[in-house]
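These notes concern the structure reproduced below.
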Amino acid sequence: MAPCTRVRAVVAATVAFSCARSAAARADSPSPPPPPSAVEPAPPPAPSTATVVAEVSVQGHRPDPGQTTVVVGQVRQLPGAFGDAFRAIEAFPGVTPMASGLPYFFIRGAPPGDTGYFVDGVRVPLLFHAAFGPSVIHPSLVDHVDFFPGGAPAQFGRFAGAILSADIPAPASTPHAEGVVRVFDAGALAETPLDGGRASVLAAGRYSYSGLILSLTSPLKLAYWDYQTRATWNIDDKNQIGVFAFGSHDDFAQVRDGETDTIIDGEFHRIDLRFDHALDHGTLRVATTLGYGRSNNDDNNIRDLTLGVRMALEDRLAPLLIVRAGTDVTLDRFDLLGNTVESPALQTVTDLLYPQHVDVAIGGYADVVWRVTPHIQLVPGLRADLFTSHRFDDPSAEVASLGGLAHPGSVAKSSALPAIDPRLAARVDLGRDVTFVSTVGMAHQPAAFVVPIPGVNFVEPDPVLQTAIQTSEGLTVALPGDVTVQTTGFLHTYLNLTDLTATCPSVFEAGVLLGYAPGIMNSLCLAQTVRGQAFGGELLIRRSLSRRLSGWISYTLSRSTREAPLTGGLGPGPIVDTLASFDRTHVVNVVASYDLGSSWRAGGRFVAYTGLPYTNTREGVPVAPYNGERMPAFYRVDLRLEKRWRLARGGTIALVFEGMNVTLNKEVLGVHCGPELGQSASGFDRCSFQTLGPVSVPSVGVEGFF
């Protein structure tokens, strides 16, 4: 055998890193990889040295300016979120909770009904079960959640507030399953490839038996379930067809004096058929969505039938230029199937607000992700929508003039409202570890109920669009130890806002959160609009939840105002400029998680925020300054402890102890001031506070992954 000979050699290799998402999963919010940059070869090594020069091209999605991404694999460790990526949003700056544990938020001053929810490009009418429950999507069916508190890309339209967009994982290449059993519900997910990996099938679901437990300890009745299923088939290397179906059901009621009062009984279902095509430098998706939604209480039964078609294209036209464009059309038919309100006046108002009507929204968008220089990125965009509505009744002049909201002849059977939404975002690298981010844009949305409820969509006597003008400026600094510090200042202005917390103060009190305010959906003050504004600063100090010691600190200092009628109700009162009903000056979240070793991990979360504003009265009459007083502040502590064991063939099983509000604190959400309580030393009426809770959710669960 000939002796070995040493030879000088330079070997180039390319290693591609990519997110675990297929073209199908990226079609609605994709980002083609940037081209590899040239790497100068190293000088020839000494004869006795073997050197490998590697050219590495990293393929992935660079976040849009103003975007915060939550990865599900990390938020499983977040105390108080119960493994749910959507509930983790509460711990980010700019997010003001309506009440502790209630997963509906005022985000930069916009009501919860103005926040858009999307799952794999499909608009979702409801994100959480029975107000206090988990999300309606199985946690493991979410790969990550993109959060835009304002200035979202042009593809997200028709919402005047924030955007939550979830992407689902690509089909798995091997069979896998998981299951979770907790004190209040149980869920499972299973997926398997078919036809040698060309096809896949997934099924998931969750069922709650918490009603059995609640019935023993409280007058509340609660039941919910949800399901998700997906099937995909790769026609060839570039084309894929699939179907994604999911749905949810909730039944939340209260037993009083032997009678059951339904707070909410609703459900929704979605079937999304999609075709995905991989371009040479991008992706294309065409999809059709069929939907059904229904909600009812003791008085009304409302239904929504939905049909939607959308197309989303993303293509890299040049090494530093990406174009994103698309169009979407949605048709919703709303029907009031039953109106059993006992009061004839409320029956009339209900028929006026919820007539049988068909709404059609037609829109298109385009934006450009332009890398002007290696340190400057601009994203100019434009969205255009046309909102049309046709109602099938013809209210009389007498009905139309109720409450002074309309005049004879002013209620049209049809309306068409156009909207143009320009948007601009920028990212500038000021240094190796310092980035400046700026967003500005407009967003429009038809009238919306204060919280999202399937099927509930009221009609204004004189329709107008809610308008949001959103601006923010921020700095992000990367520090040693995988720590980032993000500061943001924002100013949001709202026109024609439908916020019943401002227009219906006489009926919207703490009782509505407890289900004690029947008839609120039957009040004409729902259709009144107000101006609003929110401004402030946000701070986020974050360390990856994948580290042994991890967590974040978020703080929001903000002020939210409304120009609204003082009295509300059926008769509009004088317009005053006041603090918004859910303004909280300070909101603080401190989250920490620590790996104890031996597969033990513990975490805690501290939440604190300012109390809600209220108005003093003298002999029952509100006294300026309106909303000049504050209810007591609130704080709570959440804890989580997990022990995990590894099983054969890569499986794991975990025992999880978790508790939200382990301190059992009550929260003040209402106040009553009146002469019957007497006068205080200052001459104002005495006030009594109304508390909620303690809302505390203990959980013991077993999780298995196979």
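Numbers here are sequence positions counted from 1.
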Apply side chain to side chain contact (heavy atoms under 4.5 Å, CB included) to R274 and R310, showing your working. CA-CA 9 Å; R274 65 271 303 267; R310 70 187 187 279; 4.0 Å; yes
More than 12 heavy atoms of other residues, nucleotides or ligands under 6.0 Å from CG of L331: is that the case?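 Counting other residues, nucleotides and ligands, CG of L331 exceeds 12 neighbours.
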Does R108 make a cation-pi contact with F490, if we ask for NZ or CZ under 6.0 Å from the ring centre and within 45° of the axis?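 R108 over F490 ring: yes.
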For [Y], does its backbone N or O pair with a side-chain atom of [X] as donor and acceptor, under 3.5 Å?
{"X": "Q466", "Y": "P446", "value": "yes"}
{"X": "D84", "Y": "S135", "value": "yes"}
{"X": "S554", "Y": "A91", "value": "yes"}
{"X": "R123", "Y": "T330", "value": "no"}
{"X": "Y609", "Y": "S100", "value": "yes"}
{"X": "E473", "Y": "T439", "value": "no"}

Donor-acceptor side-chain pairing of Q67 and T69 below 3.5 angstrom: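 Short answer, yes.
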Side chains of R630 and T585: any donor to acceptor distance under 3.5 Å?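 A donor-acceptor contact under 3.5 Å links the two side chains.
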So, for F246 and H269, is the gap between ring centers shorter than 6.0 Å?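 When the ring centroids of F246 and H269 are compared, they turn out to be at least 6.0 Å apart.
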For the residue pair F334 and Y354, is the inter-centroid distance of their aromatic rings smaller than 6.0 Å?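 They do not qualify: ring centres at least 6.0 Å apart.
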Ring geometry between F156 and F148 (parallel below 30°, tilted from 30 to 60°, perpendicular above 60°):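 F148 vs F156 ring planes: tilted.
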Should the pair Y117 and F128 be assigned to parallel (<30°), tilted (30 to 60°) or perpendicular (>60°) ring geometry?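 Ring orientation of Y117 relative to F128: perpendicular.
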Residues in ring-ring contact (aromatic ring centres under 6.0 Å, His included) contact with Y224, at least two apart in sequence or another chain: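 Y224 satisfies ring-ring contact (aromatic ring centres under 6.0 Å, His included) with H129 once adjacent residues are dropped.
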L337 and its side chain to side chain contact (heavy atoms under 4.5 Å, CB included) partner, picked from N296, I302, N301: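 Answer to the side chain to side chain contact (heavy atoms under 4.5 Å, CB included) test with L337 among N296, I302, N301: N301.
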Tell me whether D385 is salt-bridged to R158, with the criterion being a basic N under 4.0 Å from an acidic carboxylate O.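 Judged by the 4.0 Å cut-off on N to carboxylate O distance, D385 and R158 do form a salt bridge.
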Sidechain N-carboxylate O distance under 4.0 Å for R391, D359: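 No, this pair does not count.
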Run the numbers on D328 and R383 for salt bridge (Lys or Arg N to Asp or Glu O under 4.0 Å), then give the verdict. CA-CA 11 Å; D328 54 285; R383 182 178 181 93; 3.1 Å; yes
